[in-house]
Amino acid sequence: MSDLFALCLQWRKSGLAARFRAALLAGLLALLLAAPARAQIIDDSTKVLYGPLTTRIVRERDVLRDQTEGTTLDTTLNTFHNQRYWLPDSSFYQDLGNLGTASRRLLWQMPNQLGARLGRNAFDRYAPNPATIPYYDTRSPFTYFRYQQSSVGEQIFELTHSRSFKKLANVGITYNRVASNKVLGSIPRNQMVRHSTITLFGRYQTEDERYHLLANYLITRHEAVEQGGIRPQAGDTALRQLFDYRLEEVWLSQAVNRDNRDDAHLTQTYRLLSRGLTAYHTLDFNRQQNRYNDDAIPYDAEGRIRYYSPATARRQTRYDSLKTEDRANYRQLDNTVGVLGHTDAVDYRLYGRYRNARLETRSLLANGTTPTTSERTFNQVFLGGTAAFRYQQFAIETAGEYKLADEYWLRASARLGPLTAEIASTSYSPTLTQQQFDGNHFQWKHLDKTEFNNTKVNQLLVRAERTFGPQRIMVEGAVVNITSLVYYNEQAVPAQLKEDRRLFIGHLRHRLVLGKLRADHDLTLTGGGNGDGLRIPAIVLNSRVAYQGYLFKKALFGQIGLETYFQSRWRPYDYSPSTQQFFVQNSFTARSYPVMDVFVSGDIKAVTFFLKLAYLNQGLYRNGYFTTPYYTGNPRSFQFGVRWNFFD
């Protein structure tokens, strides 16, 4: 597969890739404007034989509930125009302004990962999770194609092909590419991000459906140029003067982060006693290689480093004064064995997991050698399970996991009609990166468990959800108490809070379907998110209003609408590229801002497309906004996307 990636890279550099994309775009536009091509098999009576209803998606989480019939393809238009839903994780994120740049979750989420974990998650948003990829059950060969392009150089491309062998087996391959160009301090078309993922997947089941096998192998390569943000000039006395985009100066000129991952995942189940007792096994192998390079460390006229953290700006580098190369290689193998069962009233799953992990880090010395810090190995055992009980409108669900003998997470919820109450608790250790780091610009070591205690979190959540005619409303409130939080402080190094942090979270979701009018509003209010160690905006709102219907004698089903994202004033995390970590800061405040997008989307049989003007309101209030200190969000741009399903 490495040869395949090298060939793809050489092909792009040769210029053929650009010409191919141009030809592909022209062809797609021609097809959209012309009569729809035949993308479905029909018989002599023009009755459709194969289509979205004959192709089903099977997911691992359903197989582990003993539900193997799968679900139909999603062909709706509601979120098709929104770039968030084109990525493996559609949550709200803080990033560096461009598609594919380092990012972190914006809103609070209850943690549930225990044991050894690398803790370099800046590019997790773009890497598919092997446990959640879709498998297919198709009556005919199925090909799925989608492409998105923006005028500022952002691009997403995905191609999937899958075919079944009767009902017993299905195999397929997916290629995904994410790319973006620099917007700050750069001439046009200067590439910033290159991401590629190849996924091989397959599933098998016996004729009596007692045995099921799901397996996949992912190769992910991510490369992101690091600019360090805008470097204000002598005449820049206010933040509003930093929205000249390509004319701005940046701190770093030759810095790159690479995050390469290889994942092999296999899950198999075997029914022992009908659906009442099923044995299962999951094998998970993950390898993550991180490398940070800066071939031109910036210095001022007095010979002092003028970038990296405030702590390192006052001292020299540790290994090489001219360039930096820091590496980390993390391998993890998990074996999970358990039993599960499913009846009309009860679901349960019990399992044990054994984890073997290894971490090795290296840094480049001035003489070209690469010293290795002491290799760390881990052998850990986990026990866990889930249970759900249902009786008419009443349901109780419990889940938990325990790592021998110092970490756990627990969750229990009760639902009665539209009301749900949930309690959750966890105690987890710092990540391996928080425990130890040895690089050219940073070094810390907190291996003694007396230095960093486990972080403990307790959460109480209450939810009410109800449909009133054409409206559906969900109201949710949560109280979160966080003890001994480990975070990255203003010097961009790990620290632990001595006092507790408490969050008060309110979440409102309102959806309306009134004739041809569609509205969807999502509001999150967070109190207590602007203190030491933790930064969350007080208000995050996403609102979409659209009008949809048929055109041209029902040949085209279309939607036109306006989507608005609003984020309140806050002190966002700063970003340290050499450690790939976001850290708290108190010197930069990002003002509240709305971003408005107007879009048109349509569906012509098997072809779905959208056209969008993003950041429509640029210049009406301000000429830009900041996502991270001295990193601007993208200016106004035109975007389009297309999705095409082939069922033959």
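- With respect to the salt-bridge test (charged N to carboxylate O, under 4.0 angstrom), the residues D520 and R544 qualify.
- Remark: I423 CD1 is loosely packed, at most 12 non-hydrogen atoms of other residues, nucleotides or ligands lying under 6.0 Å away.
- Under a cutoff of 6.0 Å and an axis angle of 45°, R622 and Y593 do not form a cation-pi pair.
- Aromatic ring orientation, F92 versus Y565: tilted (interplanar angle from 30° to 60°).
- For CZ of R84, the number of neighbouring non-hydrogen atoms (other residues, nucleotides, ligands) closer than 6.0 Å is greater than 12.
- Listed for the T433 side chain is a donor-acceptor partner under 3.5 Å among the backbone atoms of L118.
- The number of heavy-atom neighbours closer than 6.0 Å to CD of E499, taken from other residues, nucleotides and ligands shown, is above 12.
- Two rings, from F80 and W86, have their centers less than 6.0 Å apart.
- Among Y615, Y631, F243, the one residue that satisfies the ring pair (Phe, Tyr, Trp, His ring centres under 6.0 Å) test with Y625 is Y615.
- Just one residue in the list Q580, E226, R104 forms a side chain to side chain donor-acceptor pair (under 3.5 Å) with Y575, and that residue is E226.
- Using a 4.0 Å cut-off between charged side-chain N and carboxylate O, K612 and E563 make no salt bridge.
- Cation-pi geometry between R535 and Y573 is not met: the NZ or CZ atom fails to fall both under 6.0 Å from the ring centre and inside 45° of the normal.
- Classification of D259 and R261 as a salt-bridged pair holds, one side-chain N sitting under 4.0 Å from a carboxylate O.
- Under the 3.5 Å distance criterion, the side-chain polar atoms of R120 are left unmatched by any main-chain donor or acceptor of T579.
- No side-chain heavy atom of F382 sits less than 4.5 Å from a side-chain heavy atom of E407.
- Ring geometry for Y126 versus F123: interplanar angle of 30 to 60°, hence tilted.
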